[in-house]
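Take a look at the structure set out below.
Here is how names work: the chains are called A, B, and so on, in the same order as the sequence lines, proteins then strands, and each is numbered from 1.
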Amino acid sequence: MVPLWMYLVVAAALFSTGLYGVLARRNAIAILMSIELMLNAVNINLVAFWRYQKPGDVSGQVFAAFVFVVAAAEAAVGLALIIAIYRRRQSVIAEDMNLMKW
Amino acid sequence: MENFFDLVPLVVLFPLIGLLINLFAGKQLGERGVSIVAVGASAMALLVSIVLWLAQVDTGFGAVVVDAPLLGTWIDIPSAGVEIGWQFRVDTLSVTMMLVVTGVGTLIHLYAVGYMHGDEGFPRFFVYMNLFLVFMLVLVSGNNFLMMFVGWEGVGLCSYLLIGFWFDKPGDEGWKNSDAARKAFIVNRIGDFGLILGVLLTFWTFGTLDYYVPDEEPIPYHHAEHEAEPLFTPDITGVDGAESHAVSGPMGVFNQAETWLTEGDHRVEFGTVSIKFEHMLTVITLLFLLGATGKSAQIPLFIWLPDAMAGPTPVSALIHAATMVTAGVYMMVRANVFYHASETTSFVVTMIGATTALVAGFIALGQWDIKRVLAYSTVSQLGFMVTAVGVGAYTAAMFHLVTHACFKALLFLGSGSVIHGLEHGHHHVAHGEHDHDDGFDPQDMRFMGGLRHKMPLTYWTYLVGTLALAGIIPFAGFWSKDEILVDSLKLGLDDGRLDGYLGFGMLLAAAAFTAFYMWRQVSMVFYGEPRHAAAEHAGESAPVMVWPLMGLAFLSAVIGLINVPSGFPVLGWLYGEHQFANWLEESVTYAHGGEFNWLLATIAVALALAAIYVARTIYNDRAITDLERDPLERLSPRLAQAFALSNAKLYWDEVYFAFVVHPYRRAAYTLAERVDWYWWHDFVHERVIYGTFNRVTRLLTDVLDLKIIDRAFLRSAEAVRVAASRIRRIQTGYVRTYALSVLFGALLVTIIILYPVLRDLLGI
Amino acid sequence: MFEVPSLSDLNIAATLPVMSLVLGTCILLLADLFVPQERKQLTAWLAVAGLGVSLALSLLSLGDVTRFGDGDEAFAGMFVADTFTDAVNVIALVTALLGVMVAYNYLERTGTQRGEYYVLLLFTTAGVMFMGAAGDLVVVFVALELLSIPLYILSGFRRPQEASEESAMKYFLLGAFASGFLVYGIALIYGATGTTGLHDIWIAVDDIVAGDATSQYLLLIGAGLMLVGLGFKVAAVPFHMWTPDVYQGAPTSVVAYMSVAAKVGGFAALLRVLAAGMPHFVLDAGAPAAWQDTVWLVAVLTMLLGNLVAIVQNDLKRLLAYSSIAHAGYVLLAVAAAGSAGLADESAQAVVIYMMAYAFTNVGAFSVVIAVEKDDASNTGVTSMRGLARSQPWLAAAMALFMLSLTGIPLTAGFVGKWFVFKAAISADLFFAVVVGAVTSLISAYYYLRIVWYMYFEEGDGEAVIPWPLAAAISIAAVGTLFLGVMPYLLTDMAREITLAFGG
């Protein structure tokens with residue numbers, strides 16, 4: 001059987017990839033996707049912990065369901081915002097939004 | 001009638017209600033409505049004070065502490081043992097002050113209805129006036145030093161608002177008014193600083209700020225035989241009855257102080273320093289004195305009061321003559337147990353008071369402005385009261401406070417009536433002729449003269465006030481001033497104290513100055529021929545203004561009889577000897593009645609009469625021909641020099657400006673320019689903070705991103721170039737900079753929270 | 001293995017205050033569809049009605065007049081209904097009421113009168129209330145999102161204005177990013193303790209302290225990452241960078257509300273997770289909780305940076321943003337104090353007192369900004385305060401009061417708040433942090449009083465628009481600020497009753 005730590009490493013790698021994406025991508029949609037990656041990493045963690053530590057109690061699984069519901073809600077709002085901005089500026093580049101600083 | 005004591009919150013509540021009504025409905029009510037509400041509120045407060053007074057008499061001067069309803073405990077920190085309540089104290093001292101404040105206050109409110117008629121700020125004026133009453137009554141009726149301080153600050157605020165009441169007058173005058181207001185406020189801050197420090201030290205020393213806790217009797221100071229016993233040594237243990245008054249349980253500050261003084265050898269722990277209780281009292285009383293010099297306009301802080309005359313005249317009468325400025329005297333009398341215990345402070349108090357009385361009396365000699373003369377006179381008379389506190393004559397101080405409130409309010413209102421009459425006359429003239437731009441000033445006495453016939457009622461009442469202030473028997477001022485003189489001389493003779501002699505001498509000279517400058521004023525204003533067209537056309541003021549004058553004139557004439565000294569023939573038998581002292585003794589531990597001294601009284605009255613005679617001779621009906629020169633200046637070159645000095649107020653303001661204001665301004669400017677702008681803004685913010693942040697973020701992004709990218713792109717040289725370009729771009733993206741900051745924070749938090757574990761793991 | 005709980009087990013009645021609000025909001029969402037565009041103000045009135053009902057219920061519960069349901073739990077421990085919950089409810093609802101009042105005319109004059117504004121505001125409020133009542137990490141997470149997502153939309157409510165859209169975008173991206181950390185932290189805590197229920201975690205922590213090292217690491221990192229997520233919500237340094245930009249760009253009526261609401265929610269959840277969930281999480285016996293050092297260090301950073309940077313701000317909204325960062329630092333100090341044994345309740349009380357004071361003061365300050373702001377969102381510079389004392393003496397007096405309260409001058413609510421926070425921190429021996437707090441509040445006087453200076457001592461037009469709902473909101477805020485300052489015992493007596501159902 002695959003040991004728990006492997007799942008955790010995969011999750012951590014996925015989380016880091018998402019993290020890197022947020023920091024490195026300029027496109028707002030790409031940033032949003034990277035955030036989704038981070039949330040999915042969390043889901044891997046949750047399900048892995050559930051399976052290995054408390055298989056009798058469904059709360060880990062339930063939590064994972066909550067996480068992707070919330071992720072969907074965030075994506076809906078986020079895409080709506082991005083579209084609103086795109087209509088006005090014809091751009092989804094995060095760097096273009098620098099009206100307010102310091 | 002003890003239940004009537006519970007009415008005391010009403011004395012504050014009525015003016016509060018009045019001001020709230022006028023605040024929110026003043027515009028709708030109109031002048032009539034506003035006047036009825038404001039005067040009514042003040043009169044209701046007076047009524048309550050009278051009821052309290054009667055209740056006091058009825059219960060044999062019982063003192064009680066009354067909790068303010070609804071407010072509960074003000075500051076309550078059980079863990080620190082701090083509990084300061086909203087409590088009123090009804091005793092003979094506070095009721096005296098309430099009667100003065102509401103009595104004189106009501107008359108002045110009434111007068112102001114006429115005086116402020118037609119002013120566009122009419123409702124605002126009465127809101128401020130009622131607010132003043134609220135704070136003043138809180139000041140005098142509170143049962144702890146903190147409530148006194150609240151009232152103290154509040155009356156200061158009202159004073160500021162009312163001095164600058166006409167801040168919107170066109171041109172320089174508006175600026176002058178608001179400058180005067182600010183001067184008063186700022187100078188008073190210095191005094192207030194002293195007071196609050198004193199209050200804090202009191203709290204540190206005693207652990208409470210209550211004068212007396214409820215149901216606590218003041219430990220009395222027994223002096224069965226005034227004459228036989230030395231007056232100025234505290235003597236508690238040896239006297240019968242002291243034991244029965246021994247207090248157990250929690251004590252207010254005054255009884256605690258008495259107890260510690262009697263026991264001796266009490267020390268106050270101040271961190272690692274331990275201070276003798278007596279020395280602590282000296283420090284506290286000196287700090288209180290600093291507060292009193294601010295509020296009661298004593299040297300060195302008296303400079304604000306003359307400028308405060310920029311406010312409307314009723315304000316000068318109520319706040320800057322009769323009530324607020326006496327708060328310092330009230331405070332010191334309230335703390336008489338402290339002051340009595342410290343000889344050092346007493347000496348300083350006497351010297352400050354006597355010097356102020358003399359200096360201000362001298363400056364008053366050379367002023368042209370009718371209200372300025374009265375202002376310096378007020379400073380001088382406050383000096384009398386402070387001296388009285390210094391020599392331990394607490395009854396005399398309060399007595400003079402009461403009589404002074406009556407006659408000085410009368411004089412101010414009289415001067416207001418004169419000014420009003422002159423303005424009226426000037427209007428009349430200005431409408432008739434074209435040439436009216438002759439530098440006319442309705443407050444300048446040089447433009448007056450001959451008003452005796454134009455304003456007879458004002459003249460007669462003014463005369464009563466003048467005689468009372470000059471100390472001519474049997475007007476009010478004679479009795480109170482005489483008592484202060486007797487007591488200070490007695491301190492010198494009985495105890496051989498230098499300050500007694502010095503105080504006596506200076507006060508006697510100041511009394512002569514008083515008679516002189518007052519008669520100079522009466523001569524210039526009322527006698528002779530009119531020196532200006534406006535004075536010729538002046539007319540008597542409205543009845544609503546004259547009635548209060550007559551009321552106050554009556555009081556100024558007879559109120560001295562409340563405290564006829566012992567040994568005075570006939571009157572003493574008729575009215576009872578020192579009634580006021582007996583009344584006050586119930587709450588002021590070290591109050592005592594005055595004796596009558598034939599010789600001294602004769603000398604004082606003779607001196608005053610002589611000064612009046614000299615003044616009358618110099619300022620006779622034909623003397624003032626030249627508007628630029630005072631008759632005094634023409635007598636001799638030396639007198640001319642003295643007059644110039646007096647006229648320039650001894651250059652007091654100039655000295656302050658050169659030594660305090662100017663250096664302060666330069667320091668402030670330097671701080672603003674150099675430190676704040678060049679150093680803080682340009683250097684620290686722009687270079688250090690901004691620059692460092694930029695450098696740090698760049699460093700972090702460099703290091704972090706290089707590693708990640710290295711791993712991802714297998715350390716190829718190509719990848720480094722790509723990375724470099726990306727790093728550049730990362731620094732332009734703001735959202736991502738922020739995200740990086742979150743990441744940085746997350747790493748920081750993780751490292752810190754794991755630090756103990758990591759430390760153990762690595763064996764550091 | 002899995003029992004279906006009966007309806008009576010759920011103890012739904014205990015959630016009445018928040019449930020009534022959620023229900024009311026759903027009805028409002030539907031009702032708004034039938035309200036014609038020119039009469040959208042009706043929606044505001046309906047929102048006030050919904051908030052009012054919920055506030056009345058919360059006050060009844062807080063004042064111990066009635067207890068809804070029995071016991072402290074509902075939904076099998078996922079929802080905690082103790083006095084702390086009630087207190088958070090009251091603060092959130094009062095803030096929301098003020099938020100509706102300030103928006104009433106503001107939306108109309110800026111041309112953003114859309115009914116969903118109030119719906120979103122009420123949903124956010126429900127999110128705050130759920131965070132205060134969280135008895136399970138799932139609830140913390142979902143409530144956080146319920147709080148955040150409507151706020152993202154509200155920030156961009158002034159579309160198509162560029163600044164508003166930009167602020168929404170920044171807030172959204174960073175908020176989602178931070179909640180990624182939060183939920184990762186939750187996953188690790190779940191891994192360490194095998195449960196997400198805070199009560200169970202509270203019990204499990206004792207075993208972990210005694211047990212193996214791996215679980216300790218997981219729990220430590222988990223707690224740290226939760227601190228990141230919640231620290232982002234309350235704008236703690238270094239997770240604060242979104243705050244000035246969002247506050248500047250978002251509609252001011254939204255900022256007035258969210259500057260308080262988001263903080264109340266964040267701190268309530270922090271207390272629930274740290275003080276109620278893992279107060280016993282110590283690495284050495286007798287030491288304070290393992291997360292305490294981290295929290296107070298973050299608090300120190302927050303107080304320092306917020307106050308220092310605020311000094312050089314020239315836009316009122318940005319200045320108040322840094323000020324709100326600084327205030328988050330003070331509250332974090334109280335949260336840190338909860339890490340010492342036996343101080344959980346005292347800290348919770350300090351947080352409640354501080355947030356109550358802060359709610360009145362800060363909403364009031366932003367309301368004044370709304371009054372001077374022009375319809376095109378300009379005129380929010382510090383200089384717009386010039387001459388206000390002459391043209392609008394009451395408004396200026398209120399603003400001066402708010403500034404004094406934010407500084408923490410005695411006789412204002414702000415002083416009372418600071419007093420209790422510092423007291424709690426001193427009880428927990430956090431002397432260094434308290435000194436930093438005291439010094440920084442001195443520093444803060446500089447920029448707060450600068451505004452007072454502008455109002456009273458500089459000439460200017462001092463134009464302001466004060467329709468009656470805004471005036472009412474400012475008055476309530478001013479009276480509240482003054483009232484709590486002059487008679488703090490009312491608040492402290494109430495706060496003394498506040499305890500966490502478990503923990504400590």
For atom CD of Q28(B), is the number of surrounding heavy atoms from other residues, nucleotides or ligands below 6.0 Å larger than 12?
->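 Enclosed: over 12 neighbouring heavy atoms sit under 6.0 Å from CD of Q28(B).
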May I ask you to check whether over 12 heavy atoms, not counting those of R665(B), lie within 6.0 Å of atom CZ?
->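 At most 12 heavy atoms, drawn from other residues, nucleotides or ligands, come within 6.0 Å of this atom.
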If you take all heavy atoms of [X] and [Y], which pair is closest and at what distance?
{"X": "K170(C)", "Y": "V735(B)", "result": "CG-CG2, 3.7 Å"}
{"X": "A739(B)", "Y": "F177(C)", "result": "O-CE2, 3.3 Å"}
{"X": "A746(B)", "Y": "L225(C)", "result": "CB-CD2, 4.5 Å"}

Just how far is it from atom [atom1] of [X] to atom [atom2] of [Y], taken to the nearest 0.5 Å?
{"X": "I221(C)", "Y": "L754(B)", "atom1": "CD1", "atom2": "CG", "result": "4.5 Å"}
{"X": "I751(B)", "Y": "T294(C)", "atom1": "CD1", "atom2": "OG1", "result": "11.0 Å"}
{"X": "W242(C)", "Y": "S741(B)", "atom1": "CH2", "atom2": "OG", "result": "12.5 Å"}
{"X": "W296(C)", "Y": "I752(B)", "atom1": "CH2", "atom2": "CD1", "result": "9.5 Å"}

Picking from G229(C), G224(C), A178(C), P238(C), which has the most non-hydrogen pairs under 4.5 angstrom with chain B?
->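 Top option by heavy-atom pairs under 4.5 Å: P238(C).
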Given the rule in the side-chain contact (heavy atoms from CB on, under 4.5 Å) test, do L743(B) and F181(C) qualify, once you have shown the distances and angles that lead to the verdict?
-> CA-CA 9 Å; L743(B) 174 64; F181(C) 283 98; 4.1 Å; yes
Interface moiety of L220(C) toward chain B, non-hydrogen atoms closer than 4.5 Å =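 Both backbone and side chain.
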Would you call R390(C) and F167(B) a side-chain contact if the rule is heavy atoms closer than 4.5 Å?
->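 Answer yes - side chains close enough.
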Given side chains that start at C-beta, do those of V749(B) and F239(C) come closer than 4.5 Å, heavy atoms only?
->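 Yes. Closest side-chain heavy atoms under 4.5 Å.
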Regarding D293(C) and Y755(B), is there a side-chain donor-to-acceptor distance under 3.5 Å anywhere?
->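 Distance-only check fails for D293(C) and Y755(B).
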Non-hydrogen atoms of chain C under 4.5 Å away: do they reach the side chain of L748(B), the backbone, both or neither?
->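 For L748(B), the contact with chain C is made by the side chain alone.
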Under the side-chain contact (heavy atoms from CB on, under 4.5 Å) rule, collect the residues that match up with D179(B), sequence neighbours excluded.
->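 Expected list: R182(B).
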